[in-house]
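One structure is given here, and the rest of the page talks about it.
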Amino acid sequence: MEEPFVKTEIRKDENIVYKRTDLLVDRPLSYCPGCGHGVVHRLLMETLEEMDIQDKTIGVSPVGCSVLAYDFMNIDMLGAAHGRAPALATAIKRLWPDRFVFTYQGDGDLAAIGTAETIHACNRGENFTIIFINNGIYGMTGGQMAPTTLPGMRSSTSPYGRDVQTMGHPLKITELISNLPGVHYVTRQAVHTPSHVRKTKKAIRKALEQQKESKGIAFIEVVSNCNSGWKMTPVQSNKWMEENMFPFYPLGDIKVDGKLVEKKEVTEKA
Amino acid sequence: MAKIKGDILVNVERCKGCEVCIAACPSSTIAMSKEVNGKGYHFAMKVNNDCTGCMNCAIVCPDGVITVYRGKISE
Ligand SMILES: Cc1ncc(C[n+]2csc(CCOP(=O)(O)OP(=O)(O)O)c2C)c(N)n1
Ligand code: SF4
Ligand code: SF4
Ligand code: SF4
Ligand SMILES: [Mg+2]
């Protein structure tokens with residue numbers, strides 16, 4: 001097929017202002033179309049490249065859709081048992097304090113089966129970065145209810161919507177851990193629009209820079225879509241996320257430089 | 001007069017047709033193809049010459065399939 005509207009005067013190597021980073025392995029990502037996991041993978045790799053720390057970074061991948069993160073991120077990585085990434089990252093960082101260490105975890109991994117590991121690593125004030133992808137569901141296994149599932153939200157195990165009377169309240173684990181003294185930086189971001197992507201990338205940079213000072217856990221929650229689990233198109237799911245997830249999980253900084261952010265965060269729609 | 005213009009190159013076989021880039025483009029430069037790629041996805045393609053090279057589409061693309069160019073053009 002002939003490609004229309006090609007600007008041959010512009011499409012030259014010296015004019016490239018953006019291309020996929022080589023730190024992402026050159027193979028298709030295993031994620032569903034429009035899934036936020038892919039964006040966060042890319043931002044993380046771009047940040048390592050910009051800081052030129054790819055050879056000094058060790059990542060820990062979870063169990064969940066991003067179980068194969070080590071196949072996509074071209075850096076040293078280990079796969080943890082379900083929920084145990086913060087325990088593994090603790091060992092890695094203590095053995096190699098000069099390395100940059102991060103965990104990459106979903107909400108089922110971090111806030112359900114791994115709750116104990118999450119809370120204790122945060123409370124101990126380990127010096128690594130946690131990237132937490134909250135899509136309010138167990139994406140990988142077919143969209144079951146997670147601790148983070150919203151009240152009234154449908155999932156394959158709450159087909160009539162989450163009833164808090166019988167199924168309990170959603171767990172705001174990010175707010176919870178922000179109260180722990182070992183936690184230095186906590187923020188909640190998103191990656192579905194260009195401005196949100198830019199903010200998330202800044203947050204990732206800040207979190208990794210913090211490791212140089214050994215000040216404790218840096219925790220970045222990314223509220224993301226699971227369009228397959230939510231049974232929507234990617235674009236619909238992003239809209240649904242703005243209307244339903246953000247009011248419950250408001251975006252913005254929660255703790256900066258070891259201090260809780262006082263102001264009440266307003267939900268962003270931009 | 002020299003003008004700053006942009007262009008995008010979509011890796012058609014890697015595009016998953018999610019349409020997230022369409023909403024991100026301020027100049028309505030992207031639409032989905034009628035054809036499908038080898039995986040059966042409609043793919044992102046340029047439908048006008050208004051690209052400014054702002055990179056919005058590329059940074060929201062979950063699969064990182066868009067390369068963005070920006071340069072001077074004499075018109
Ligand atoms: C010990 C153990 N229990 C349960 C499972 C099944 N399992 C695999 S992934 C997953 C949940 C993943 O959800 P989440 O962490 O939110 O990741 P997502 O896929 O949504 O990104 C579960 C329960 C497992 N693999 N191992
Ligand atoms: S199931 Fe959900 S979280 Fe997993 S890749 Fe698909 S959209 Fe993403
Ligand atoms: S955002 Fe990327 S994968 Fe989705 S349609 Fe656009 S170019 Fe294709
Ligand atoms: S670079 Fe900007 S103007 Fe060009 S297609 Fe992408 S979003 Fe549209
Ligand atoms: Mg999940």
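Numbers restart at 1 for each chain; the letters A, B, ... are given by sequence-line order, proteins then strands. Just the heavy atoms: all of them, side chains too, but no hydrogens, waters or symmetry mates, feed the values below.
- In terms of heavy-atom pairs under 4.5 Å with chain B, the best-connected choice from A:N227, A:D13, A:D26 is A:D26.
- Annotation: maximal heavy-atom pairing with chain B below 4.5 Å, among A:V191, A:V39, A:L43, occurs at A:V39.
- Of the atoms belonging to B:R14, it is side-chain heavy atoms, and not backbone ones, that fall under 4.5 Å from chain A.
- In this pair, A:Y31 and A:H41 present their aromatic rings perpendicular. The plane angle is above 60°, beyond the 30 to 60° band.
- Contact annotation for B:C57: neither backbone nor side-chain heavy atoms come within less than 4.5 Å of a heavy atom of chain A.
- Proximity to chain A is limited to the side chain of B:K39, based on heavy atoms less than 4.5 angstrom apart.
- By number of non-hydrogen pairs under 4.5 angstrom with chain A, the leading residue of B:K72, B:K16, B:M55 is B:K16.
- Contact annotation: the side chain of B:N37 approaches that of B:F43 to within less than 4.5 Å [non-hydrogen atoms, C-beta and beyond].
- At least one side-chain heavy atom of A:M45 sits under 4.5 Å from a side-chain heavy atom of A:T21.
- The number of heavy-atom neighbours closer than 6.0 Å to NZ of A:K206, taken from other residues, nucleotides and ligands shown, is above 12.
- The shortest heavy-atom contact between B:P26 and B:N56 is CD-ND2, 4.0 Å.
- For A:R154, the CZ atom counts as loosely surrounded, since its 6.0 Å shell holds 12 or fewer non-hydrogen atoms of other residues, nucleotides or ligands.
- The candidate from A:C35, A:P234, A:G36, A:P194 with the greatest count of non-hydrogen atom pairs under 4.5 Å with chain B is A:P194.
- Side-chain atoms of A:N134 and A:E221 include a donor-acceptor pair closer than 3.5 Å.
- With a 4.5 Å cut-off on non-hydrogen atoms, B:A24 touches chain A through its backbone and its side chain both.
- By number of non-hydrogen pairs under 4.5 angstrom with chain A, the leading residue of B:N49, B:V12, B:L9 is B:N49.
- Comparing B:V20, B:V10, B:I22 by how many heavy-atom pairs each has under 4.5 Å with chain A, the most go to B:V20.
- Comparing B:N48, B:D63, B:T29, B:V65 by how many heavy-atom pairs each has under 4.5 Å with chain A, the most go to B:N48.
- Between A:H192 and A:F246, the ring-plane angle classifies as perpendicular under the 30° and 60° cut-offs.
- B:I8 touches chain A through its backbone: at least one of N, CA, C or O sits under 4.5 Å from a heavy atom, while the side chain does not.
- Between A:E46 and A:R20 there is no salt bridge, since no side-chain N of the basic residue sits under 4.0 Å from a carboxylate O of the acidic one.
- Looking at A:N225, neither its backbone nor its side chain comes within 4.5 Å of chain B, counting heavy atoms on both sides.
- Interface summary for chain A: among B:G71, B:P62, B:A23, B:C61, the most heavy-atom pairs under 4.5 angstrom belong to B:P62.
- When side chains are defined from C-beta on, A:I58 does not count as touching A:M77, because their heavy atoms never get closer than 4.5 Å.
- Contact annotation for A:V197: only side-chain heavy atoms (C-beta onward) come within less than 4.5 Å of a heavy atom of chain B.
- With a 4.5 angstrom heavy-atom cutoff, B:N11 does not touch chain A via any of its atoms.
- Looking at A:V6, both its backbone and its side chain come within 4.5 Å of chain B, counting heavy atoms on both sides.
- Looking at A:R42, only its side chain comes within 4.5 Å of chain B, counting heavy atoms on both sides.
- With chain B as partner, the option from A:K12, A:H37, A:K19 having the largest number of non-hydrogen pairs under 4.5 angstrom is A:K12.
- Using a 4.0 Å cut-off between charged side-chain N and carboxylate O, B:K46 and B:D7 make a salt bridge.
- Annotation: A:F219 is not in aromatic contact with A:Y185 [ring centroid separation under 6.0 Å not met].
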